[in-house]
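This report refers to the structure that appears directly beneath it.
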Protein chains: 2
Amino acid sequence: MTAHSPSARSRRERPAKPALTRDGIVDTAVALMRSEGLERVTMRRLAQELDTGPASLYVYVANTAELHAAVLDRLLGEVDLSPADATAPGDWRERLVRLLTSYVEVVFAHPALARAALVARPFGENYLGLVEAVLALLAEGGVPPRRASWGLDLLLQYATASAAEHSGRGQSPGAEDGWDALTRALLSASPARHPQIAALGSALLHGTGEERLAWGFQVLISGITAAPEPPTTPCTPPAPAS
Amino acid sequence: MTAHSPSARSRRERPAKPALTRDGIVDTAVALMRSEGLERVTMRRLAQELDTGPASLYVYVANTAELHAAVLDRLLGEVDLSPADATAPGDWRERLVRLLTSYVEVVFAHPALARAALVARPFGENYLGLVEAVLALLAEGGVPPRRASWGLDLLLQYATASAAEHSGRGQSPGAEDGWDALTRALLSASPARHPQIAALGSALLHGTGEERLAWGFQVLISGITAAPEPPTTPCTPPAPAS
DNA sequence: ACCTGAACACCGTTCAAGT
DNA sequence: ACCTGAACACCGTTCAAGT
């Protein structure tokens, strides 16, 4: 009586309960995210979609964070890496901005995923491809290795954080309150206590998200090429193996 | 029989159930975060701490995100703003880095809060004070208004994202897997498919978090002073009021 | 008028027990 | 050996009903 009536194609026209695999689970998770949003991609909801119990998923996925990282890596397959080709038009800076903008556009569609990415970095094939592409462009620009290594993190972190920041903005009608409140707080700053804020006024809020994103990339690229070489230190030793 | 035995000073030696106020709620939330971590600062757990039901909190706090933003603003009171004084030693760049480093140190203690801050910006008194201090230093450095406005966001976003990234790292023993896995993936990259990654190898992982943070500030500051002036656009119109 | 008990609709994760 | 039902220990938010 629990679930096994023979003709139980209760969900969609899936012909029979397919065998569980890690890839199958991630595929279903991606589909679920596209149809219902990341907030619905929970172990329980996903198990339900796969006609099983949540416990079964833990055979293939360590926890929710790992699942989300796997979903993000899948999504990263949509990033347009073509600007990294040396044959693409434009100088390396322009092409780097195009590449990173594509990344942001892909992640923008699911800001909650970007938020997760700041914590649990993905490390799948598609993420490696993105890293490779950014490094190729920095190398083409003559950025030396250590600066490129650290600059890579700066660029991807900025892109990811920019996408993450858009969670909640414009989602539910009440969610805009946060930004509204910040706007109000900035515009009503007292010239006595907060002279700088008061002096800038609405200039603080100038520009669209796209303009700011592009400007940020310019700042980072010019800073990466201009800043002093990072110090030479051995590979980060997280624990001295006591 | 539910809870009201007259001598019910069951929790600590709190003499009587104090009247609820927004400030009192946030105070208790901060104390709870310090003793049990942000993940325990839930509406239900907080209500329990205040000897009431969760519904009562919604009279004073709109939702969990707003609560966390309020907690963050309280925490921001600990940031050392003294480097913003024109009388403090060091040139403006050094003092700006000191100020931002203080911010990162404060937020670092509660990375989950930093993660929340990327989404629901705080907008309390202490946040305004921090913004004012950063703007004062940029002004002292002769950074023109529009660049200062956008640069402010870049600097604070970078600092916040850097703190947020440390969630999960070194928390539980299993949580390091994410970073370990990324390390393994980078170091074992195939020279054929990922030549740039393979060429850099362990250089990608060089340096401590502190070194990278400081370098990132240098990059941003030099980029902000060097990048072209942002375009002039009217105040960001989020919705054309249809 | 103000406050809140109790409910609704969910979560992640584990482990003893089944096949 | 492999898989999973059922439980444990929680969530946010709402609203009808109490004082």
Side-chain angles (χ1 to χ4, degrees), chain A residues 1-5 8 16-22 24-26 28-29 32-33 36-71 112 115-116 119-120 167-168 171-175 177-178, chain B residues 1-5 8 16-22 24-26 28-29 32-33 36-71 112 115-116 119-120 167-168 171-175 177-178:
Chain A
M1 212 209 247
T2 29
H4 276 293
S5 52
K17 191 170 151 178
L20 286 182
T21 60
R22 192 179 205 272
I25 289 169
V26 177
T28 307
L32 189 56
M33 181 187 68
E36 308 189 6
L38 184 71
E39 64 274 19
R40 286 281 184 254
V41 184
T42 64
M43 295 303 245
R44 293 179 99 107
R45 182 71 185 77
L46 186 54
Q48 180 188 320
E49 200 72 5
L50 289 161
D51 278 324
T52 184
S56 308
L57 304 182
Y58 284 86
V59 177
Y60 306 95
V61 173
N63 50 47
T64 307
E66 198 201 280
L67 173 69
H68 285 352
V71 168
R115 214 160 67 231
V119 183
S167 315
Q171 291 257 72
S172 51
D177 283 32
Chain B
M1 213 209 240
T2 28
H4 274 296
S5 54
K17 191 170 149 176
L20 285 182
T21 61
R22 191 179 205 273
I25 288 169
V26 178
T28 306
L32 189 56
M33 181 186 67
E36 308 189 8
L38 185 71
E39 65 274 20
R40 287 280 184 255
V41 183
T42 65
M43 296 303 246
R44 294 179 98 107
R45 181 71 184 78
L46 186 54
Q48 179 189 320
E49 200 72 5
L50 290 160
D51 279 322
T52 184
S56 308
L57 303 182
Y58 284 85
V59 177
Y60 306 95
V61 172
N63 50 45
T64 307
E66 198 200 282
L67 173 67
H68 286 174
V71 168
R115 215 158 67 230
V119 183
S167 315
Q171 292 255 72
S172 52
D177 282 34

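Order of the sequence lines fixes the chain letters, A, B, ..., with proteins taken first and strands second; residue numbering starts at 1 for each chain.
- When the salt bridge (Lys or Arg N to Asp or Glu O under 4.0 Å) test is applied to A:Arg40, no partner is found at least two apart in sequence or on another chain.
- The CE atom of A:Met43 sits 14.5 Å away from atom CD of A:Gln48, with the distance rounded to the nearest 0.5 Å.
- Rounded to an integer number of Å, the gap from CD of B:Gln48 to C1' of C:dG5 is 16 Å.
- Using a 4.5 Å cut-off on side-chain heavy atoms (C-beta onward), A:Leu50 and A:Leu57 make contact.
- If you measure from atom CD of B:Glu49 to atom P of D:dC11, you get 12 Å, rounded to the nearest angstrom.
- The CZ atom of B:Arg44 sits 15 Å away from the P atom of C:dC10 (whole-angstrom rounding).
- Across all non-hydrogen atoms, the minimal contact from A:Arg45 to A:Leu32 is CG-CD2, 3.9 Å.
- Sorted by first then second residue, the salt bridge (charged side-chain N to carboxylate O under 4.0 Å, His left out) pairs that include residues 55-67 of chain A, not counting sequence neighbours, are A:Arg22-A:Glu66.
- Here the CD1 atom belonging to A:Ile25 is positioned 13.0 Å from the CD atom belonging to A:Glu49, to the nearest 0.5 angstrom.
- Residues of residues 56-69 of chain B having a heavy atom closer than 4.0 Å to DNA chain C, listed by number: B:Ser56, B:Val59, B:Tyr60.
- Rounded to whole angstrom, the span from the CE atom of B:Met43 across to the C1' atom of C:dT4 amounts to 14 Å.
- Here the P atom of nucleotide D:dA9 and the CZ atom of B:Arg40 are 12 Å apart, to the nearest Å.
- Partners of B:Arg44 by salt bridge (Lys or Arg N to Asp or Glu O under 4.0 Å), not counting sequence neighbours: none found.
- Nearest heavy-atom pair across A:Ala29 and A:Val71 is CB-CG2, 3.7 Å.
- Between the side chain of B:His68 and the backbone N or O of B:Val41, at least one donor-acceptor pair lies under 3.5 Å.
- Checking D:dT13, C:dT4, D:dC11 against the side-chain heavy atoms of B:Pro54 singles out D:dT13 as nearest.
- The CZ atom of A:Arg45 sits 9 Å away from the P atom of C:dC10 (whole-angstrom rounding).
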Pairs under 3.5 angstrom, nitrogen or oxygen only, protein versus nucleotides 17-19 of chain D, please.
none

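- One interatomic measurement links the two molecules: CD1 of A:Ile25 to C1' of D:dT4, which rounds to 13 Å at whole-angstrom precision.
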task: Walk me through it: do A:Thr28 and A:Leu46 pass the test side-chain contact (heavy atoms from CB on, under 4.5 Å)?
output: CA-CA 7 Å; A:Thr28 307; A:Leu46 186 54; 3.8 Å; yes
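- Closest to the side chain of A:Ala55, out of D:dC11, C:dT4, D:dG5, is D:dG5.
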- request: Dot-bracket for DNA chain C, please, read 5' to 3', with Watson-Crick or G-U wobble pairs under 3.5 Å on both distances, ( ) within the strand, [ ] crossing, | other strand, . unpaired.
  value: ||.|||||...|||||.||
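- The separation of C:dA9 from D:dC8, taken at their P atoms, amounts to 22 Å, rounded to a whole angstrom.
- Distance, A:Leu38 CG to C:dC10 C1': 16 Å, rounded to whole Å.
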